[in-house]
Amino acid sequence: LLCHLDYPVPSVTRFEARVLVLEVSIPLLRGQAVTLHAHSAREAGHLSALVAQLNPRTGEVLKARPRCLLKGQSALVEVTLVRGMCLEEYADFKSIGRVALRDGGKTLAVGVVTQLLA
């Protein structure tokens, strides 16, 4: 990713995202392998934590640390990548802050980066 020398885009391996779970045949679980698609990049990783289940309309926390995520649910998740990827928080830079979680050719969830962790 090309960027200005004075304003470098951070390369992260862990981040937190607010996602909406799409049509999934099995629930999303902690430790599940996913492929992250962001802007034009693609990287392997896994869901390292399900932080909270959110109300899709208001964004308020319904349940902390849910065991799984089902179709139509909104949640905060922590994703860990195998290699670093250039990402920004959605609030700072919208186009680099959008992500999609895919597995086996199907989109599991879409969302936005809320926090860069490492």
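Just so it is clear, the model here is predicted, and its values are computed rather than measured.
- No path of Ile, Leu, Val, Met, Phe, Trp and Tyr side chains, each step under 4.5 Å between heavy atoms, connects L28 with L54, placing them in separate hydrophobic clusters.
- The two residues C86 and I96 make their nearest non-hydrogen contact at O-CG2, 3.8 Å.
- Counting heavy atoms from C-beta on, the side chains of D103 and T35 never come closer than 4.5 Å.
- Take D92 and apply the side-chain contact (heavy atoms from CB on, under 4.5 Å) test, not counting sequence neighbours, and it matches E88, E89.
- Here salt bridge (Lys or Arg N to Asp or Glu O under 4.0 Å) pairs that include residues 107-117, with residues two or more places apart or in two chains, number zero.
- Residue pairs meeting the ring pair (Phe, Tyr, Trp, His ring centres under 6.0 Å) criterion with at least one member in residues 44-99, sequence neighbours excluded, do not occur.
- Within the structure, salt bridge (Lys or Arg N to Asp or Glu O under 4.0 Å) pairs that include any residue of residues 46-55 do not occur (at least two apart or interchain).
- Listed by first and then second residue, the salt bridge (Lys or Arg N to Asp or Glu O under 4.0 Å) pairs involving residues 39-56 are E43-R83 (not counting sequence neighbours).
- In this structure, H39 contributes its side chain and R98 its backbone to no donor-acceptor pair below 3.5 Å.
- One hydrophobic cluster, built from ILVMFWY side chains closer than 4.5 Å, cannot hold both L101 and V51; they sit in different ones.
- Applying the side-chain contact (heavy atoms from CB on, under 4.5 Å) test to A44 and every residue at least two apart in sequence or in another chain returns V82.
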Indicate every side-chain donor-acceptor pair of residues 105-118 with a distance under 3.5 Å to a residue at least two apart or in another chain.
unit_1: T107; atom_1: OG1; unit_2: R102; atom_2: NH1; d: 2.6
unit_1: T114; atom_1: OG1; unit_2: E16; atom_2: O; d: 3.1

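- With a 4.5 Å cut-off on side-chain heavy atoms, V79 and L81 count as touching.
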Please report, to 0.1 Å, the donor-acceptor pairs under 3.5 Å made by any side chain of residues 62-77, with sequence neighbours excluded.
unit_1: Q73; atom_1: OE1; unit_2: L70; atom_2: N; d: 2.8
unit_1: S74; atom_1: OG; unit_2: V19; atom_2: O; d: 3.4

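- Listed by chain and residue number, N55, E60 satisfy the side-chain contact (heavy atoms from CB on, under 4.5 Å) test with T58 (two or more places apart in sequence, or in another chain).
- Here L29 is tied to no hydrophobic group at all, with no ILVMFWY side chain closer than 4.5 Å.
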Show me the side-chain donor-acceptor pairs of residues 7-15 shorter than 3.5 Å, one per line, residues at least two apart or across chains.
unit_1: R14; atom_1: NE; unit_2: E78; atom_2: OE2; d: 3.4

